[in-house]
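Here's the structure, in structure tokens; my notes come after.
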Amino acid sequence: MKASVIGLSWGDEGKGKIVDMLRDKFDFVVRYSGGDNAGHTVVRDGTTYKFHILPSSILEPTTVSVIGAGTVINPYVLKEEYDRLPADHGKLLISRRAHIVFKTYRHLDVLIEDMRDNKIGTTKRGIGPAYAMKMYRLGIRVGDFIDNRKLETHYNEIARFMKTWGLDMDDDLEELKFLAQFVAPMVADVEMLLWKNREKKILFEGAQGYMLDIDMGTYPYVTSSHPGLAGIVDSGFPPYLIDRRIGVVKAYATRVGEGIFPTELTDDIGEFIREKGHEYGATTGRPRRCGWLDLVQTRFAVFMNGINELAITKLDVLSGLEKIRAAVAYEIDGEKYDFWPENVLDLNIIPVYEELEGWEEDIFGVTEWRKLPIQARRYVEFIEDHLEVRVRYISTGPAPEHTIEIV
Ligand code: GDP
Ligand code: IMO
Ligand code: MG
């Protein structure tokens with residue numbers, strides 16, 4: 001069995017929790033895209049872990065965690081995160097094809113952001129520059145990074161490139177060689193390994209969310225990779241073999257960074273959700289913008305990624321709201337839209353909301369469907385009806401046990 005966990009919105013949907021919850025059912029878990037711009041929170045036995053580059057399965061001793069070809073890896077962050085793991089963590093493998101993020105790329109990220117008229121609000125982790133260097137064919141892959149001679153050649157070439165931006169290398173070659181030694185034992189021909197194990201249980205862990213996709217997202221307010229199924233292709237695995245395509249959607253919407261957000265709430269309700277849901281970035285600490293669930297946006301992501309199971313997270317956060325709304329369509333210049341239009345940035349979108357009754361009861365940690373208040377059940381069924389995908393998981397708290405599974 002093969003599965004993918006894909007964020008359907010602008011990231012931070014709770015992918016880390018869902019992957020952690022499923023980790024012991026899989027032989028391999030592959031983080032397939034993005035870099036340390038991601039912040040995936042795992043809460044186990046009362047301890048909170050925030051993984052930026054490590055797969056959210058890494059605490060599982062019986063599962064092999066993999067960082068796939070489509071990712072960009074900052075070796076400094078990787079070492080720091082790895083060194084903090086408890087002793088009984090699982091095995092980590094890294095694709096030879098993944099690209100390296102240098103410290104200097106972070107400076108370039110900031111420089112580009114400062115130059116722009118419209119700021120993106122990146123995580124300043126050098127992710128855009130790392131993917132750009134890959135596309136320039138100037139990037140350095142992990143397989144070359146661990147070869148001292150190749151590393152030195154690439155380093156000098158990158159230093160020349162950075163000079164054109166007026167930047168000196170902030171990376172020390174000797175330190176990089178030391179990091180390469182640390183990385184080397186984990187490096188493998190991961191794509192061949194996955195092919196050899198194609199009959200085993202493999203889970204693909206998405207980072208970011210589909211609306212941050214470089215092509216399908218709210219360009220230019222996007223990241224530089226493919227958070228959806230296309231990212232799994234980039235990591236060397238054919239999506240037609242993936243039978244369970246789990247889409248993660250929050251019971252409301254959030255976005256961190258700039259860019260269009262049609263259902264954003266800038267009132268007391270938005271503030272209520274932010275405080276109750278602790279909606280502050282796991283990577284940058286920035287307050288997340290909050291709003292109502294947007295089923296037009298989510299429908300687009302469901303379709304594009306062939307989602308056939310939904311995990312609805314943070315339903316518990318909505319307890320205490322008298323009414324709950326969700327956008328079921330958009331009105332644009334008097335016309336109705338059910339599907340995400342391309343030129344969103346130029347359009348005057350008026351979300352068409354449906355309003356449902358809220359509930360008072362605290363549902364934090366509830367594990368049974370029948371223990372949810374009727375209004376909460378109606379809200380879940382309403383989402384299911386509008387997206388035409390079955391809800392398999394309802395998350396009611398950050399730990400894996402805070403989950404209702406509907407079988
Ligand atoms: P990711 O990037 O998609 O993995 O999501 P983040 O970890 O950035 O953000 C999700 C946040 O919500 C984290 O702090 C999680 O611990 C927390 N969380 C996940 N699921 C739930 C839930 O169902 N209820 C509550 N209250 N918190 C949750
Ligand atoms: P997880 O995996 C939320 C956003 C940034 C910015 C844009 C571009 O935790 O869901 P980048 O640094 O990637 O060039 O920034 O993308 N962004 C995320 N937002 N969750 C993430 O990851 C994100 N990764 C990038 O805030 O708007
Ligand atoms: Mg996150």
Side-chain angles (χ1 to χ4, degrees), residues 5-21 31-44 47-53 55-56 71-72 74 101 105-106 108-110 112-113 119-132 205-214 217-225 227 231 248-252 254-261 273 276-286 288-289 311-319 362-367 393-404:
V5 170
I6 295 176
L8 296 184
S9 303
W10 285 282
D12 304 324
E13 296 89 351
K15 300 173 292 293
K17 156 169 176 166
I18 300 296
V19 170
D20 172 57
M21 179 184 83
R31 213 350 255 283
Y32 63 79
S33 66
D36 64 303
N37 47 349
H40 295 183
T41 315
V42 165
V43 178
R44 275 271 169 174
T47 306
T48 300
Y49 303 84
K50 292 206 185 287
F51 297 124
H52 298 289
I53 190 62
S56 299
T71 61
V72 291
N74 180 317
V101 184
Y105 293 2
R106 291 187 173 197
L108 188 53
D109 201 346
V110 173
I112 294 171
E113 186 80 341
K119 313 287 178 218
I120 291 174
T122 75
T123 59
K124 303 193 172 99
R125 298 296 180 108
I127 304 303
Y131 278 107
E205 173 180 4
Q208 289 76 53
Y210 193 63
M211 300 316 285
L212 292 171
D213 180 276
I214 183 77
T218 50
Y219 192 89
Y221 304 98
V222 292
T223 191
S224 302
S225 58
V248 189
V249 61
K250 257 188 244 193
Y252 50 91
T254 63
R255 176 163 203 174
V256 60
E258 304 306 319
I260 190 165
F261 182 3
I273 294 174
K276 185 129 186 269
H278 307 292
E279 293 297 351
Y280 293 88
T283 300
T284 57
R286 289 177 290 177
R288 294 174 182 152
R289 299 153 68 193
I312 299 178
T313 58
K314 305 191 94 162
L315 189 65
D316 55 297
V317 173
L318 297 183
S319 288
D362 181 6
I363 59 165
F364 182 87
V366 166
T367 56
Y393 303 105
I394 301 164
S395 175
T396 57
E401 60 273 21
H402 301 146
T403 309
I404 301 168

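Atoms within each ligand, like the ligands themselves, are counted from 1 in listed order. Computed from a predicted structure; not experimentally measured.
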Looking at ligand 2, is there an atom of it that comes within less than 4.0 Å of some heavy atom belonging to Gly209? no
For atom 20 (N) of ligand 2, find the nearest protein heavy atom and state the residue, atom name and distance (0.1 Å precision). Asp12 OD1, 3.2 Å
Do any nitrogen or oxygen atoms of Gly397 lie less than 3.5 angstrom from nitrogen or oxygen atoms of ligand 1? yes
Donor-acceptor contact below 3.5 Å, side chain Lys124 vs main chain Glu113: no
Which atoms of ligand 1 sit under 4.0 Å from any heavy atom of Gly16? 4 (O)
Is any side-chain heavy atom of His40 less than 4.5 Å from a side-chain heavy atom of Val19? no
Starting from atom 12 (O) of ligand 1, what is the nearest protein heavy atom, named by residue and atom, and what distance separates them? Lys314 NZ, 2.9 Å
Closest to atom 18 (C) of ligand 2 by heavy-atom distance, out of Thr254, Leu212, Asn37, Val248, is Leu212
Under 4.0 Å to a heavy atom of Arg288 - the qualifying atoms of ligand 1, by number: 8 (O), 9 (O)
Distance-only N or O hit between ligand 1 and Val317, under 3.5 Å: no
In terms of heavy-atom contacts, Lys50 and Thr41 come closest through NZ-OG1, 3.4 Å
Contacting atoms of ligand 2, where contact means under 4.0 angstrom from a heavy atom of Ile120: 8 (C), 27 (O)
Using side chain to side chain contact (heavy atoms under 4.5 Å, CB included), reason through Phe51 and Val42 one step at a time and then give a plain yes or no. CA-CA 8 Å; Phe51 297 124; Val42 165; 3.9 Å; yes
Given Asp36, Thr122, Thr223, which has its nearest heavy atom closest to atom 15 (O) of ligand 2? Thr122
Enumerate the atoms of ligand 2 whose separation from the nearest heavy atom of Trp10 is less than 4.0 angstrom. 3 (C), 19 (N)
Measuring from the heavy atoms of Lys15, does anything fall under 4.0 Å of ligand 2? yes
Is any N or O atom of Glu13, backbone or side chain, closer than 3.5 Å to an N or O atom of ligand 1? yes
List every atom of ligand 2 that sits less than 4.0 Å from any heavy atom of Gly39, numbering the atoms from 1 in the order shown and giving each element. 1 (P), 9 (O)
Which residue supplies the protein heavy atom nearest to atom 6 (C) of ligand 2, what is that atom called, and how far is it? Gly121 O, 3.2 Å
Relative to atom 10 (C) of ligand 1, which among Ile18, Asp12, Thr254, Ile312 owns the nearest non-hydrogen atom? Asp12
the protein heavy atom lying closest to atom 2 (O) of ligand 1 turns out to be Gly39 O, 2.9 Å
Looking only at atom types and distance, does a side-chain atom of Arg31 sit under 3.5 Å from a main-chain N or O of His52, one as donor and one as acceptor? yes
Is Asp36 paired with Arg106 through a side-chain N to carboxylate O contact shorter than 4.0 Å? yes
Atoms named by residue and atom, protein N, O or S, within reach of the Mg ion (ligand 3) (under 2.8 Å): Asp12 OD1, Gly39 O
Would you mind reporting whether Tyr252 and Leu318 have side-chain heavy atoms less than 4.5 Å apart? yes
For ligand 2, is there an atom lying under 4.0 Å from some heavy atom of Arg286? yes
Between ligand 1 and Leu315, is the shortest N or O to N or O distance under 3.5 Å? no
Judged by modelled atom types alone, do Lys17 and Ser395 share a side-chain donor-acceptor pair under 3.5 Å? yes
Can you list the atoms of ligand 2 that are under 4.0 Å from a heavy atom of Ala38? 1 (P), 2 (O), 9 (O), 22 (O)
Looking only at atom types and distance, does a side-chain atom of Gln208 sit under 3.5 Å from a main-chain N or O of Asp213, one as donor and one as acceptor? no
Side chains of Tyr32 and Pro55: closer than 4.5 Å at any heavy-atom pair? no
What I'd like to find out is whether the side chain of Glu401 reaches to under 4.5 Å of the side chain of Val43, using heavy atoms alone. no
Check for me whether Arg125 has a heavy atom closer than 4.0 Å to any atom of ligand 2. no
Min N/O separation Gly14 to ligand 1 under 3.5 Å: yes
Please indicate whether any nitrogen or oxygen in Asp109 is less than 3.5 Å from any nitrogen or oxygen in ligand 2. no
Does an N or O anywhere in Ser395 fall below 3.5 Å from an N or O of ligand 1? yes
Any Arg125 side-chain heavy atom under 4.5 Å of Asn74 side chain: no
Out of all atoms in ligand 2, which are within 4.0 Å of some heavy atom of Val256? Include the element for each. 3 (C), 19 (N), 26 (O), 27 (O)
May I ask whether Gly7 places a heavy atom under 4.0 Å from ligand 1? no
Using the rule side-chain contact (heavy atoms from CB on, under 4.5 Å), only one of Ile312, Thr313, Ile273 pairs with Lys250; which is it? Thr313
Are any non-hydrogen side-chain atoms of Thr122 and Asn37 less than 4.5 angstrom apart? no
Please check whether Thr41 reaches ligand 1 - meaning an N/O of the residue sits under 3.5 Å from an N/O of the ligand, judged on distance alone. yes
Would you mind listing which atoms of ligand 2 come within a distance below 4.0 Å of any non-hydrogen atom of Gly257? 27 (O)
Which heavy atom of the protein is the closest neighbour of atom 12 (O) of ligand 2, given with residue, atom name and distance? Thr123 OG1, 2.6 Å
For atom 24 (N) of ligand 1, which of Val43, Thr313, Asp316 has the closest heavy atom? Asp316
Test side-chain contact (heavy atoms from CB on, under 4.5 Å) applied to Val248 and Leu8, Asp12, Ile18, the passing residue: Ile18
Of all the atoms in ligand 2, which lie at a distance below 4.0 Å from a heavy atom belonging to Val222? 7 (C), 8 (C)
Nearest-neighbour protein heavy atom for atom 23 (C) of ligand 2, which is reported as residue plus atom name and distance: Gln208 CG, 3.7 Å
Have a look at ligand 1 and work out which part of Thr396, if any, has a heavy atom under 4.0 Å from it: side chain, backbone, both or neither. backbone
With heavy-atom distances below 4.0 Å as the criterion, list the atoms of ligand 1 near His40. 1 (P), 2 (O), 4 (O), 7 (O)
Can you find a heavy atom in the side chain of Trp10 that is under 4.5 Å from one in the side chain of Thr254? no
Show which atoms of ligand 2 fall inside a sub-4.0 Å distance from at least one heavy-atom site of Ala207. 2 (O)
Answer whether the closest heavy-atom distance between the side chains of Thr396 and His402 falls below 4.5 Å. yes
Assess whether side chain to side chain contact (heavy atoms under 4.5 Å, CB included) is satisfied between Arg255 and Leu212, documenting all intermediate values. CA-CA 10 Å; Arg255 176 163 203 174; Leu212 292 171; 4.0 Å; yes
Test item: Asp316 side-chain N/O and Phe364 main-chain N/O as donor-acceptor pair under 3.5 Å: no
